[in-house]
Amino acid sequence: MKYQAKKIENKWQEYWKNNEIFNVKEEHKKKKFYALVEFPYPSGEGLHTGHLRSYTAMDVLARKKRLAGMNVLYPIGFDAFGLPTENYAIKNKIAPQIATTKNIANFTRQLTSAGFSFDWSRAFLTTDPGYYKWTQWIFIQMFKHGLAYKAKENINWCTACKIGLANEEVVGGVCERCGGQVIKKEKEQWLLRITKYADRLISDLDQVDFLEKIKKQQIDWIGKSEGAEIDFSLTSTKEKIKVFTTRPDTLFGATFMALSPEHEIIGKLKANINNIKEVEDYIKQAKGKSDLERIENKEKNGLEIIGIKAVNPINNKSIPIFVADYVLTSYGTGAIMAVPAHDERDYEFAKKYNLEIKEVISGGDIKSGAYIGNGQAINSGEYNGLTSTEFKEKIIAWLAKNKLGKKTINYKLHDWIFSRQRYWGEPIPMINCPKCGCLPEEEKNLPILLPKIKDYLPTDDGQSPLSKVSNWVNTKCPKCKGKAKRETDVMPNWAGSNWYFIRYCDPKNNKQLVDPKKAKYWLPVDWYNGGMEHTTLHLLYSRFVFKFLYDIGAVPREVGSEPYKKRTAQGMILGAGGIKMSKSKGNVINPDIYIKQYGADTVRVYEMFIGPFDQAITLNDQGVNGVYRFLNKVWDLSAKTDKKIKDSDEVLRVLHQSIKKVGEDIENMHFNTAISQLMILTNFLDKEKKISISSWEKFVLILSPFAPHIAEELWEKLGHKKSLSAEKWPQYDKQLVQADSIKIGIQVNGKLRDEISLPYDSEPSQKIEKQILSMDKIRKYTDDKKIVKFIHIKNKIISIVVK
RNA sequence: GCCGGCGUGGUGAAAUGGUAGACACGCAGGACUUAAAAUCCUGUGACCGUAAGGUCGUGUCGGUUCAAGUCCGACCGCCGGUACCA
């Protein structure tokens with residue numbers, strides 16, 4: 001019979017489902033393995049090939065770990081709240097709930113057809129009230145612990161649609177939907193105090209096994225920098241301006257000060273500013289700039305504030321003050337001491353406006369540009385000669401003693417804006433009472449259901465569409481029972497994906513976020529794989545939320561405060577032309593087509609074979625054929641099995657080498673070389689007349705993580721009644737892996753001239769040396785020469801140096 | 001600009017400092033076939049040579065070493081992340 005992929009794939013997918021082969025329970029005698037992939041957002045386009053790559057890789061690992069005797073949890077769910085669905089709903093006037101249901105049916109079909117060994121009994125949607133009840137519960141706990149608060153924040157505002165946009169909706173500085181200009185606008189928002197966890201989010205990275213580049217991304221995103229806050233007094237007023245600097249050692253070189261356009265002191269000192277009208281004009285045009293314009297126009301510009309000057313505390317010199325939009329309001333104090341000699345931006349600004357450039361650290365050439373490195377202090381009075389490090393310490397001590405400043409730490413990371421003026425998200429479970437203020441909803445009333453509405457558009461002034469649902473908005477105050485109103489903002493996309501991996505441990509629990517016993521067994525996640533695009537925000541946010549849940553005891557102590565033991569990332573899948581797949585470029589590939597044409601096993605093996613897992617790959621038709629041929633060959637080989645046969649030593653050797661290599665390669669995510677080894681073994685077996693049952697079984701088992709359907713079918717053909725998923729990963733025999741003899745190369749003066757077959761592990765000896773030197777091809781190069789060196793590295797090489 | 005990663009046949013790619021190009025695609029020739037597809041066999045880095053064999057060859061230029069795709073230095077190119085973070 002010929003290999004019929006579709007037929008056997010349907011058969012085994014049914015079998016796995018009906019027999020709940022991959023559904024797991026806590027089994028305390030067994031070692032657990034929690035394999036996690038990023039759950040998909042069920043978009044209308046269906047499963048992306050990138051998902052397929054990640055899910056296949058973890059499926060291979062999960063299946064291998066099962067065979068290794070572990071209790072493997074490999075769950076799946078859907079991250080179903082979000083903007084694309086909401087925008088789709090607005091455009092087509094269809095309830096997002098309906099679009100979601102439809103999309104999920106499609107995703108489920110696709111995921112099933114690829115043969116992933118998910119525990120479907122644990123699947124949920126983040127839009128399930130039973131799930132977002134706990135998303136809301138977490139928010140309330142954050143509020144109760146002072147980590148959720150309201151504040152005025154600048155948000156992206158589309159001037160055409162007149163609505164607030166999430167960062168991900170601003171593409172290239174314009175509105176993703178209408179192409180309209182996006183500016184910053186102040187609005188009251190909910191924020192989460194992630195900055196309180198910044199230090200732990202850095203230091204606890206020591207405890208986990210993440211790819212180094214991922215750790216680095218986390219650290220860079222948090223952006224911790226140590227420096228000093230320094231007070232500059234002002235002439236003609238008692239006000240002061242605080243600046244932040246990482247280089248207090250350059251204080252003598254501060255020749256002007258620059259304020260961000262948003263700096264509050266300007267409003268306060270209006271009366272003292274002689275050119276207030278020009279200053280206000282400058283501020284107005286700076287604020288009106290879109291992000292796009294700010295990015296495009298990188299040339300620094302500013303305006304001097306006439307009438308007040310700042311006084312450098314170290315030498316009492318008056319220096320001019322500028323307002324300049326290269327100074328960010330959102331970092332540090334929104335004001336800087338400018339040291340043109342030792343900062344590139346300040347240098348550029350000083351050149352443009354003809355300001356003093358005073359060198360205070362030696363080591364550079366100030367005429368040609370700023371010197372930003374460390375060095376020795378010069379032009380710094382009594383501090384001259386100190387190194388930058390010594391100088392920093394001394395000057396901070398001096399500032400502190402004179403109450404002019406102090407050591408400070410700053411972060412790039414900001415508190416996390418956690419509200420959206422949208423519909424399709426978890427309602428923020430807060431109530432505004434005119435008497436009692438802003439209070440959390442009573443926990444017994446959770447979940448606060450998202451009401452069904454007809455019009456999903458935000459209001460003209462940017463309020464959430466929920467604000468139009470008066471019978472939902474109007475409620476009672478949980479404290480005084482008087483009339484009160486619900487918070488109408490909803491949570492961002494991230495809310496549901498922050499903690500979903502916890503819920504997989506106990507997805508149906510209605511009394512607790514998670515049963516501590518179950519959490520204790522399954523958590524932390526042993527191995528989390530996903531895309532690099534989620535290794536900053538999602539990873540950081542979910543680590544933060546997990547730490548918080550750990551702190552309040554919602555996650556048991558024994559689990560620890562890090563959610564993921566190990567995190568890896570697959571390379572991107574590029575479309576035709578080696579560019580990112582995107583709808584607008586029309587190069588998106590739907591995995592369905594390949595699965596239909598070749599079957600899931602072929603697609604799985606192909607995706608794993610095409611290149612190194614962590615590198616970007618370009619998907620094309622080249623190579624799929626080869627994998628399909630390989631599986632056909634495997635199928636045909638099964639006809640050669642024979643009960644009576646005993647395999648040759650050579651067959652056993654290649655088999656045991658393969659068991660070793662495939663097993664190790666899977667653990668290291670070197671899937672491509674694992675498959676090439678399976679191909680080598682297949683080609684080898686193909687040359688044999690008969691194959692023993694025992695060898696064939698081992699082959700089928702090591703193939704099974706990659707091509708589970710064909711493996712199950714071949715296993716059944718051998719007369720087994722049960723799925724091979726309950727079998728054991730074969731052991732390799734160390735003795736058998738080594739061949740008796742080994743061929744090694746012989747070099748003369750670095751050039752390969754011949755090779756010789758020696759018994760394995762032959763130690764260097766006079767005898768071998770003599771033998772080699774008597775070989776014809778070697779004599780050709782050595783006979784009339786003097787042998788300077790004779791090197792024999794066991795099992796590796798023989799290298800002769802002649803003169 | 002800064003921070004990562006990468007650069008090897010016509011193509012995807014292998015290679016703990018130890019015989020570069022495993023494995024696969026494609027291509028060429030052959031077998032089977034009325035024919036095609038499928039399958040099988042042979043060849044396939046470049047150059048010289050009928051062959052045996054030789055020379056060159058892992059982005060470029062240098063260095064370390066008996067030995068470098070791999071280590072070190074400088075440079076060029078591509079990809080990804082980030083962006084005025086004081």
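By convention in this document, chain letters (A, B, ...) are assigned in the order of the sequence lines, proteins followed by strands, and residues within each chain are numbered from 1. Because the structure is a prediction, the values reported are computed rather than measured.
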For B:rG18, does OP1 or OP2 lie under 4.0 Å from any side-chain N or O of A:Ser799? no
At less than 4.0 Å, is any side-chain N or O atom of A:Lys777 found next to OP1 or OP2 of B:rG53? Yes or no. yes
My understanding is that a pair needs two contacts under 3.5 Å, Watson-Crick or G-U wobble. By that rule, which nucleotide pairs with [N]?
{"N": "B:rU55", "value": "B:rA46"}
{"N": "B:rA38", "value": "none"}
{"N": "B:rA74", "value": "B:rU60"}
{"N": "B:rU82", "value": "B:rG1"}
{"N": "B:rU33", "value": "none"}

Pick base, sugar-phosphate or nothing for [X], based on heavy-atom distances below 4.0 Å to the nucleic acid.
{"X": "A:Lys803", "value": "nothing"}
{"X": "A:Ser330", "value": "nothing"}
{"X": "A:Lys789", "value": "sugar-phosphate"}

Figure out the [atom1]/[atom2] separation between [X] and [N], and round it to whole Å.
{"X": "A:Ile778", "N": "B:rU19", "atom1": "CD1", "atom2": "C1'", "result": "12 Å"}
{"X": "A:His792", "N": "B:rG18", "atom1": "NE2", "atom2": "P", "result": "15 Å"}
{"X": "A:Asp614", "N": "B:rG4", "atom1": "CG", "atom2": "C1'", "result": "13 Å"}
{"X": "A:Met572", "N": "B:rC79", "atom1": "CE", "atom2": "C1'", "result": "8 Å"}
{"X": "A:Tyr781", "N": "B:rA67", "atom1": "OH", "atom2": "P", "result": "18 Å"}
{"X": "A:Glu344", "N": "B:rG1", "atom1": "CD", "atom2": "C1'", "result": "7 Å"}
{"X": "A:Leu540", "N": "B:rU82", "atom1": "CG", "atom2": "C1'", "result": "15 Å"}
{"X": "A:Asp346", "N": "B:rG1", "atom1": "CG", "atom2": "C1'", "result": "16 Å"}

Quick one: the side chain of A:Lys216 and the base of B:rC3, do they pair up donor-acceptor inside 3.5 Å? no
Could you check if a side-chain atom of A:Arg247 sits within less than 4.5 angstrom of a side-chain atom of A:Val339, using non-hydrogen atoms only? no
Heavy-atom check, side chain of A:Leu758 versus side chain of A:His792, under 4.5 Å: yes
Ion pair A:Lys660/A:Glu664, N-O distance below 4.0 Å: yes
Taking the same atom, [atom1], in [N] and in [M], what whole-Å distance lies between them?
{"N": "B:rG73", "M": "B:rG21", "atom1": "C1'", "result": "28 Å"}
{"N": "B:rG54", "M": "B:rA20", "atom1": "P", "result": "13 Å"}
{"N": "B:rA37", "M": "B:rG29", "atom1": "P", "result": "13 Å"}
{"N": "B:rG5", "M": "B:rC72", "atom1": "P", "result": "12 Å"}
{"N": "B:rA74", "M": "B:rU19", "atom1": "P", "result": "29 Å"}
{"N": "B:rU50", "M": "B:rA38", "atom1": "P", "result": "36 Å"}
{"N": "B:rA52", "M": "B:rC61", "atom1": "P", "result": "31 Å"}
{"N": "B:rC71", "M": "B:rC27", "atom1": "C1'", "result": "38 Å"}

Among [options], which nucleotide sits nearest the side chain of [X]?
{"X": "A:Pro612", "options": "B:rA13, B:rA86, B:rU19", "answer": "B:rA13"}
{"X": "A:Gln217", "options": "B:rG81, B:rA86, B:rA14", "answer": "B:rG81"}
{"X": "A:Gln615", "options": "B:rG54, B:rC66, B:rC6", "answer": "B:rC6"}
{"X": "A:Leu328", "options": "B:rA86, B:rU19, B:rU82", "answer": "B:rA86"}
{"X": "A:Gln747", "options": "B:rU19, B:rG12, B:rU55", "answer": "B:rU19"}
{"X": "A:Lys213", "options": "B:rG4, B:rG80, B:rC66", "answer": "B:rG4"}
{"X": "A:Lys300", "options": "B:rA86, B:rU19, B:rC84", "answer": "B:rC84"}

On RNA chain B, nearest-nucleotide positions of A:Ile610 versus A:Lys743: which is more 5'? A:Ile610
Judged by nearest nucleotide, the residue sitting upstream toward the 5' end of RNA chain B, A:Thr536 or A:Tyr411, is A:Thr536
Contact letters for nucleotides 22-30 of chain B, in which S counts primed atoms plus P, OP1 and OP2 and B counts the base, heavy atoms under 4.0 Å: BBSSS----
Please check if any side-chain donor atom of A:Thr250 sits under 3.5 Å from a side-chain acceptor atom of A:Tyr371, or the reverse. no
Find out whether the Lys NZ or Arg CZ of A:Arg567 is both under 6.0 angstrom from the six-membered ring centre of A:Phe210 and within 45° of the ring's axis. no
Where does B:rG49 fall, syn or anti, if syn means a chi angle no more than 90° from 0? anti
Is the A:Trp416 ring parallel, tilted or perpendicular to the A:Tyr541 ring (thresholds 30°, 60°)? parallel
Using salt bridge (Lys or Arg N to Asp or Glu O under 4.0 Å), reason through A:Lys640 and A:Glu688 one step at a time and then give a plain yes or no. CA-CA 8 Å; A:Lys640 288 190 181 182; A:Glu688 297 292 308; over 6 Å; no
Could you walk me through whether A:Gln217 and A:Thr535 satisfy the side-chain hydrogen bond (donor to acceptor under 3.5 Å, both in side chains) test, starting with their C-alpha distance in whole Å, then the side-chain angles of each, then the deciding distance to 0.1 Å, before giving a yes or no? CA-CA 7 Å; A:Gln217 272 190 355; A:Thr535 50; 2.5 Å; yes
Taking atom CD1 as the centre, does A:Ile756 end up with more than 12 heavy-atom neighbours from other residues, nucleotides or ligands that are less than 6.0 angstrom away? yes
With a 6.0 Å cut-off on the ring centroids, do A:Phe349 and A:Tyr326 count as close? yes
